[in-house]
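First the structure, in the form of structure tokens, and then the observations on it.
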Amino acid sequence: MDNFQTVLRFFMNQKSTIGYSFMALLTIGGERIFSMVSFQCPCNHEQNFTYGMTFLLGPAAVLFVFGLFFSSRLWRLYTGCCLNPMKLCPRGNCLGCFRVLLSIITGACVAPVMWLCVALLNGTFYECAISGLDDNLVVNLFCKNKTFQCREQLALVPCGNSKLSSDERMKLLMMFRAQSQILGWSVIMVAAIVGLLGTCFKNCRSQVSYLQLTFWKRYIEKEKERFDAFTVDYATKLAERNLQSFFENKEPDPMPFPNHKAWEEISAYYTFSRSEQYYSTLQRYVERADRDFAPENRPVLDMEHGIEMI
């Protein structure tokens with residue numbers, strides 16, 4: 001039993017690494033499916049570049065949008081900003097808000113960068129895109145010291161139906177593949193260097209020690225985990241109370257709720273301060289001596305700002 005708990009604890013501590021590894025496997029699998037099933041290079045000068053770049057950059061853009069869409073930190077920061085623009089910069093801390101947005105965007109870029117790396121290392125999309133360029137610089141690069149037929153047949157090379165000799169075609173494909181892989185490794189190296197420098201800068205600017213920062217991260221994870229459990233439990237109790245009141249045709253039992261101001265305060269962006277030993281807005285709120293204990297007995301939304309849910 002102790003060995004099982006040790007293994008479980010190890011996987012829990014490494015869940016970010018495991019998640020990124022799983023994301024990488026999904027990216028590789030998705031790229032292979034696109035390459036083998038749906039990708040068919042048109043092999044003409046008018047469409048090659050657009051078609052190839054669509055498959056190269058399109059999924060990356062979609063993954064970036066999904067990364068933003070499923071970011072709870074983004075929606076926590078953004079919700080209600082149209083009604084209260086100052087929520088983006090609480091206490092005038094615009095720099096802190098910018099750092100949070102940068103962190104959110106950086107996290108959303110992980111999957112797109114993985115896709116670009118895998119797609120470029122494979123080279124299929126890049127071959128189609130680059131062969132459709134009519135730019136003289138590109139054409140001269142690939143068809144230097146070759147016949148004029150190379151310029152005319154360049155767009156047909158990825159499909160294998162060009163009039164060039166098999167030797168010339170293989171040399172061009174190898175050049176396409178080499179350039180694509182160079183770009184892929186360049187993206188990997190740039191991402192690794194930027195990630196390392198960003199982490200070094202962030203840790204260097206940290207106002208707490210490494211061990212306290214580790215504790216802070218663990219606390220945030222546990223608070224979110226327990227908050228989700230509490231919301232499920234409390235929502236279940238509220239639903240059961242309301243249904244019981246409806247079907248039994250009686251007054252509902254009193255069930256106090258945090259007031260609207262309390263919800264706003266615990267949802268705000270948190271900035272660490274050495275003068276306050278708090279690790280989240282929730283802890284700051286519950287430990288405040290002047291907090292408002294007055295509950296809302298009937299939690300309803302203002303119809304002016306209400307949200308319709310189906």
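In this text, all values refer to a predicted model and were calculated from it rather than measured experimentally. All values below were derived from every heavy atom in this structure, side-chain atoms included, with hydrogens, water molecules and symmetry-related copies excluded.
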Indicate, with yes or no, if I188 and L56 share a hydrophobic cluster defined by side-chain heavy-atom contacts under 4.5 Å among Ile, Leu, Val, Met, Phe, Trp and Tyr. no

As an exercise, state the distance from CG of L243 to CG of L238, rounded to the nearest 0.5 Å. 9.0 Å

Look at the side-chain heavy atoms of Ile, Leu, Val, Met, Phe, Trp and Tyr, link any pair under 4.5 Å apart, and say whether F227 and V286 land in one connected group. yes

Is there side-chain contact between W185 and L121, with at least one heavy-atom pair below 4.5 Å? yes

Residues Y51 and P42: closest non-hydrogen pair is CD2-CD, 3.5 Å

Is L213 reachable from I220 through a run of I, L, V, M, F, W or Y residues, each pair having side-chain heavy atoms under 4.5 Å apart? yes

Assess the residue pair I105 and F64 against the criterion (side chain to side chain contact (heavy atoms under 4.5 Å, CB included)); give the C-alpha distance rounded to whole Å, side-chain angles, the decisive distance to 0.1 Å, and a yes or no. CA-CA 8 Å; I105 292 173; F64 178 73; 4.1 Å; yes

Reported CG-to-CG distance for the pair L68 and L63, which is rounded to 0.5 angstrom: 11.0 Å

Using only atom types and a distance under 3.5 Å, with no angle test, would you say the side chain of R177 pairs donor to acceptor with the backbone of N122? yes

In Å, rounded to the nearest 0.5 Å, how long is the span from NZ of K202 to OG of S103? 5.5 Å

Please report the shortest heavy-atom distance between S180 and A119, naming the atom on each side. OG-O, 4.3 Å

Tell me if the SG of C43 lies under 2.5 Å from the SG of C128. no

Working for side chain to side chain contact (heavy atoms under 4.5 Å, CB included), residues N48 and I130: CA-CA 8 Å; N48 274 21; I130 201 68; over 6 Å; no

Please answer: with hydrophobic residues joined when any side-chain heavy atoms are less than 4.5 Å apart, are F55 and V157 in the same cluster? yes

Using a 4.5 Å cut-off on heavy atoms from C-beta on, say whether the side chain of V62 contacts that of F66. yes

Side chains of Y279 and E223: does their closest heavy-atom pair fall under 4.5 Å? no

Do the side-chain N and O atoms of E264 and Y285 include a donor-acceptor pair separated by under 3.5 angstrom? no

Should we say atom OH of Y234 is surrounded by more than 12 heavy atoms from elsewhere, each under 6.0 Å from it? yes

Is the side chain of R241 donor-acceptor paired with the backbone N or O of P252 at a distance under 3.5 Å, no angle test? no

Would you check, one step at a time, whether the test side chain to side chain contact (heavy atoms under 4.5 Å, CB included) holds for R73 with L77? CA-CA 6 Å; R73 295 179 67 196; L77 187 68; over 6 Å; no

Does any part of the side chain of V232, heavy atoms only, come nearer than 4.5 Å to the side chain of T236, both counted from C-beta? yes

Donor-acceptor under 3.5 Å (T214 side chain, Y210 main chain): yes

Looking at D228, is its backbone amide N or carbonyl O close enough to the side chain of T231 to form a donor-acceptor pair, meaning the two atoms are under 3.5 Å apart? yes

To the nearest 0.5 Å, what is the distance between OG on S131 and CE on M175? 13.0 Å

Heavy atoms only: give me the nearest A262-N259 pair and the separation to one decimal. N-OD1, 2.8 Å

Taking NZ, NE, NH1 and NH2 as the nitrogens, is one of them in K171 or E168 under 4.0 Å from a carboxylate oxygen of the other? no

Has S267 got a side-chain atom pairing as donor or acceptor with W263's backbone, closer than 3.5 angstrom? yes

Value for SG (C109) from CD1 (I104), rounded to nearest 0.5 Å, stands at 12.0 Å

Write down the atom of R76, the atom of I266, and the distance for their closest heavy-atom approach. NH2-O, 2.7 Å

Is there side-chain contact between L116 and L57, with at least one heavy-atom pair below 4.5 Å? yes

I would like to know whether E265 and T281 meet side chain to side chain contact (heavy atoms under 4.5 Å, CB included); could you show each step before the answer? CA-CA 7 Å; E265 290 194 22; T281 52; over 6 Å; no

Side chain S71, main chain G67, donor-acceptor under 3.5 Å: no

Distance (rounded to the nearest 0.5 Å) between T106 OG1 and R99 CZ: 13.0 Å

Locate the shortest heavy-atom distance separating L173 from P158; write the atom from each residue and the value. CD2-CA, 4.2 Å

No-hydrogen, no-angle side-chain donor-acceptor test under 3.5 Å, Q244 and E240: no

On a heavy-atom basis, the closest approach of A191 and V113 is CB-CG1, 4.1 Å

Hey, any chance L156 and Y126 share a hydrophobic cluster, counting ILVMFWY side chains that come within less than 4.5 Å of each other, even indirectly? no

Backbone N or O of F70 within a donor-acceptor pair of the W75 side chain at under 3.5 Å? no

